[in-house]
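To start, the structure itself, in structure tokens.
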Amino acid sequence: MSFTLLVVYISIGILAGVFGAVLGLGGGMIVTPILVLGFNLPIHYAIAASIIAVIGTSSGASVAYLKDDLLNIRVAMFLEIFTTIGALIGAVLVGIFKASWLNAFFGFLLLYQGFAMWQKMHSKKADTLALKDDTAARKLNLDSSYYDKLQGKEVTYHIQKVPFGALIMFGAGFASGLLGIGSGTFKVFAMDTVMQMPLKPSSATSNFMMGVTAAASALIYFFNGTIQPLIVAPIAIGIIFGSTLGSKVMPYLPNKLLRGIFIPVVVLAGVQLVIKALGINLY
């Protein structure tokens, strides 16, 4: 491998790590298209690299978010149950459901998420926290607080609509297992839009959850030989640096700016799924 290519791979990792840590998406959405379209890498090798990217982003960012109390581990572990069950069922039912219909459904769901976040971004009550306890959240002790470095104060929040959020997480896992797509956007959607968790803890918690999910998938890619060390290693090094940087910057960013960055990413992912449902391969 040439020194120039090594620097390029590390740079890709840094870019993916920063955006993945800030948005709670893991970085795979950046790594896969770049490797396939820019380097003509077979899709299976690119996906394997993106799985490692997700683990790297989660590892680099979660430590910082845990120190800053942005990470809600109880919510993460509770919702991960439904994501895992959905992923297992989706993997078992591969071939039974028509993939095009599912791609279209989840694609339009992401487009709706983008629209809902756009409305929330332009609403005066965008970051208004729920004042009342939710019965399920109280019994499961899911409510928490974090110190907002931008506002310079402690923010206490109450989780809402726990069953609905769990249902979306099940759907996210189902889509991931059935279609082989990342579910970070659905995780943020479930927590921020449905369960009314503030955006920053939602992104931090999503980062942690994606690492747990990706770690299991990585074993499969490792044993089938699709993980290429010469590609994955420099990208992973860049991701560790990038995710650490992103996790340092994110607490100081305004929620409106975070949503402004998040919306086009979600819309792009939705459009990709809809196009794929029409039988057009982008990669």
Side-chain angles (χ1 to χ4, degrees), residues 19-26 29 57-58 61-62 65 68-80 82-83 106 109-132 134 136-137 140 142-146 148-151 155-173 175 182-210 213 246-247 250-270:
F19 277 93
V22 168
L23 300 178
L25 302 180
M29 289 182 65
T57 303
S58 177
S62 294
Y65 289 147
D68 290 338
D69 287 330
L70 279 172
L71 182 59
N72 192 324
I73 294 182
R74 293 189 67 88
V75 170
M77 290 294 94
F78 173 72
L79 294 180
E80 195 66 44
F82 299 93
T83 305
F106 285 107
L109 184 62
L110 284 178
L111 292 176
Y112 167 75
Q113 178 189 354
F115 175 71
M117 292 194 78
W118 181 83
Q119 283 189 314
K120 195 171 184 180
M121 184 175 70
H122 291 85
S123 172
K124 294 181 179 179
K125 298 181 179 180
D127 297 307
T128 301
L129 301 174
L131 300 176
K132 297 182 179 179
D134 179 85
L140 294 168
L142 300 181
D143 296 339
S144 186
S145 64
Y146 72 100
D148 193 311
K149 293 182 178 179
L150 183 65
Q151 301 182 50
V155 177
T156 301
Y157 58 89
H158 301 284
I159 302 296
Q160 304 292 304
K161 301 177 182 177
V162 175
F164 191 22
L167 180 62
I168 292 178
M169 298 304 294
F170 173 83
S183 56
T185 49
F186 293 104
K187 287 180 171 67
V188 177
F189 174 54
M191 289 181 281
D192 173 61
T193 305
V194 176
M195 302 175 72
Q196 296 185 35
M197 182 189 293
L199 184 57
K200 291 178 182 178
S202 296
S203 297
T205 305
S206 173
N207 255 304
F208 174 76
M209 292 176 66
M210 289 190 69
T213 306
S247 63
M250 193 270 272
Y252 295 97
L253 298 177
N255 286 335
K256 188 172 184 178
L257 176 60
L258 287 174
R259 289 194 174 93
I261 301 172
F262 194 87
I263 289 171
V265 174
V266 172
V267 171
L268 178 61

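We use all heavy atoms of the structure for the numbers below, so side chains are in, but hydrogens, waters and symmetry mates are not.
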If you define the side chain from C-beta out and look only at heavy atoms, does anything of [X] sit under 4.5 Å from [Y]?
X    : Y    : result
N207 : L71  : no
M169 : M209 : yes
L70  : P251 : yes
S145 : D69  : no
M191 : V75  : yes

Nearest 0.5 angstrom please: [X] [atom1] to [Y] [atom2], how far?
X    : Y    : atom1 : atom2 : answer
F115 : I263 : CZ    : CD1   : 10.5 Å
T205 : M77  : OG1   : CE    : 10.0 Å
I261 : L257 : CD1   : CG    : 4.0 Å
L79  : I159 : CG    : CD1   : 8.5 Å
M250 : L150 : CE    : CG    : 12.0 Å
D134 : D143 : CG    : CG    : 8.0 Å

Does F170 have any side-chain contact (heavy atoms from CB on, under 4.5 Å) partners at least two apart in sequence or in another chain, and if so, which?
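With neighbours one apart ignored, the set is F82, I85, I89.
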Determine the minimum heavy-atom distance between [X] and [Y], stating which atoms define it.
X    : Y    : answer
A190 : G165 : CB-O, 4.0 Å
V162 : A136 : CB-CB, 3.9 Å
F189 : I168 : CE2-CD1, 3.8 Å
R74  : L140 : NH2-O, 2.9 Å
S247 : A21  : N-CB, 3.9 Å

Does any N or O in the side chain of K200 come within less than 3.5 Å of the main-chain N or O of L253, such that one atom is a donor and the other an acceptor?
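Checked: pair present.
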Any side-chain to backbone donor/acceptor pair from S206 onto S202? Under 3.5 Å, distance only.
no
Decide side-chain hydrogen bond (donor to acceptor under 3.5 Å, both in side chains) for N72 and Y65; before the verdict, give the C-alpha distance in whole Å, the side-chain angles of both, and the deciding distance to 0.1 Å.
CA-CA 9 Å; N72 192 324; Y65 289 147; over 6 Å; no
Return the orientation label for the Y146 and Y157 ring planes: parallel under 30°, perpendicular over 60°, tilted otherwise.
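The arrangement is tilted - the two ring planes meet at 30° to 60°.
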Within residues 155-168 or reaching into it, pairs that qualify as salt bridge (Lys or Arg N to Asp or Glu O under 4.0 Å) - sequence neighbours excluded
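Sorted pair list comes back empty.
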